[in-house]
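The residues of the chain are indexed from 1 along the displayed sequence. Keep in mind that this is a model prediction, so the values were computed, not measured.
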Amino acid sequence: MSSDFWAGYLSGAIGIIIGNPLDVVKVRIQAGGADVAGSTSQNIGSFENASSLVRGAAAPILGYGALNALLFVAYNRSLMFMDDSVKDPTNPFGVSLYKIWLAGAAGGVASWTVSSPTEFIKCRAQLDTRPGISSWTVAKDIFRTRGLMGLYFGGVITCARDSIGYGFYFWSYEYCKRLMSSENDNAHEIALKVLLCGGIAGVTTWASVYPLDMIKTRLQAQTIATAPESRPLIHLQSNPQTLNSYQIAKAAYLSEGLKAFYRGLGICSLRAFIVNAVQWATYEWLMKYLNSPCDQTQSCVAGVTGSIK
């Protein structure tokens with residue numbers, strides 16, 4: 001397979017390993033113990049034990065690696081298709097930023113086939129507090145009760161979130177790199193700039209789509225079993241009506257105002273900065289290493305840091 005596939009896969013898996021504990025916190029804050037009317041309970045910050053912070057990690061580690069691989073491959077190919085002058089998508093200087101946004105959005109749509117079921121399984125696993133709940137048991141339960149297409153519950157809003165968010169993801173990373181570019185930077189300074197640009201890109205991405213992500217979380221949280229013995233993190237009303245995305249957004253606004261759509265943005269931004277700083281640095285290094293094999297690791301490191309402007 002191509003180098004951008006493996007670089008995307010490995011960097012995505014590393015990002016999930018680093019960021020999953022904070023992602024658990026984010027998802028629980030977003031769900032907020034929401035019932036069908038959008039009200040919240042008091043247990044949004046409670047965790048049963050230390051393992052709660054890694055709950056739901058298996059699905060995204062496997063799925064997000066594949067998602068990230070598809071994302072970068074689709075982005076690179078889309079950018080090269082839109083602009084014949086692009087020979088190296090990892091260094092697209094001179095390419096219009098709007099083309100970079102469109103290529104990122106195309107990558108988001110392409111990765112949706114993996115992101116939608118991965119996000120649904122992750123969300124359910126992170127919110128359900130029953131003992132022994134894992135990504136695998138959640139996936140089996142969804143397949144048993146909803147079938148294969150049930151894994152794509154909430155897929156429309158997930159697709160909208162991914163296409164918009166990844167458009168800004170690549171746009172902000174490239175824009176940041178261009179602002180910070182300097183011919184006199186040494187290897188250490190260039191490496192720091194890659195980390196900084198990656199972190200800024202992550203924060204920008206989530207800030208642009210956070211309300212959509214909150215709605216997606218509450219939409220998917222409705223599917224958790226509500227029987228007393230199941231003890232899910234969120235508590236729905238008896239015989240709850242399954243609401244669509246618009247109804248969830250309307251209920252949340254009427255009961256909590258605009259703050260409902262940005263609850264947890266702070267912890268999400270912290271996670272996004274850390275994860276994407278590491279992820280972009282890993283991706284850039286792997287792309288250089290895989291495209292230009294070196295005899296010594298040290299020379300590869302010097303090569304990648306010297307190549308990023």
> Does the side chain of Ser245 come within less than 4.5 Å of Val156's, by heavy atoms?
Replying inline: no

>> Looking at every non-hydrogen atom in both residues, tell me the closest pair between Gly154 and Leu219 and how far apart they are.
In response: CA-CD2, 3.6 Å

> Do Ile215 and Arg161 touch side chain to side chain, with heavy atoms closer than 4.5 Å?
Replying inline: no

>> Restricting to non-hydrogen atoms, name the atom on Leu212 and the atom on Ile157 that form the minimum distance, rounded to 0.1 Å.
In response: O-CD1, 3.6 Å

>> Using the rule that Ile, Leu, Val, Met, Phe, Trp and Tyr join whenever any side-chain heavy atoms are under 4.5 Å apart, tell me whether Met149 and Ile142 fall into a single cluster.
In response: no

>> Under 4.0 Å between a side-chain nitrogen and a carboxylate oxygen: does that hold for Asp141 and Arg146?
In response: no

> Looking only at heavy atoms, which two atoms of Gln279 and Gly12 are closest? And how far apart?
Replying inline: OE1-CA, 3.7 Å

> Taking everything shown except Phe261 itself, do over 12 heavy atoms lie less than 6.0 Å from its CZ?
Replying inline: yes

> Is Glu284 salt-bridged to Lys177, going by a charged N under 4.0 Å from an acidic O?
Replying inline: yes

> Can you pull the ring-ring contact (aromatic ring centres under 6.0 Å, His included) pairs that have at least one residue in residues 263-283, sequence neighbours excluded?
Replying inline: Phe72-Trp280, Phe72-Tyr283, Tyr169-Trp280, Phe170-Trp280, Tyr173-Trp280, Trp280-Tyr283

> With a 4.5 Å heavy-atom cut-off, do Leu97 and Arg178 have their side chains touching?
Replying inline: yes

> Tyr246 and Phe153: same hydrophobic cluster, using ILVMFWY side-chain contacts below 4.5 Å?
Replying inline: no

>> Run the side-chain contact (heavy atoms from CB on, under 4.5 Å) test on Val109 and Asp162 for me, step by step, so that the C-alpha distance in whole Å, both residues' side-chain angles and the decisive distance to 0.1 Å come before the verdict.
In response: CA-CA 7 Å; Val109 173; Asp162 288 353; over 6 Å; no

>> Less than 6.0 angstrom separating the ring centers of Tyr152 and Trp112, yes or no?
In response: yes

>> side-chain contact (heavy atoms from CB on, under 4.5 Å), that's the test. Do Glu119 and Lys216 meet it? Break it down for me.
In response: CA-CA 9 Å; Glu119 282 284 316; Lys216 178 201 73 69; 3.1 Å; yes

> Got a second to check how far Lys259's NZ is from Leu265's CG, nearest 0.5 Å?
Replying inline: 15.0 Å

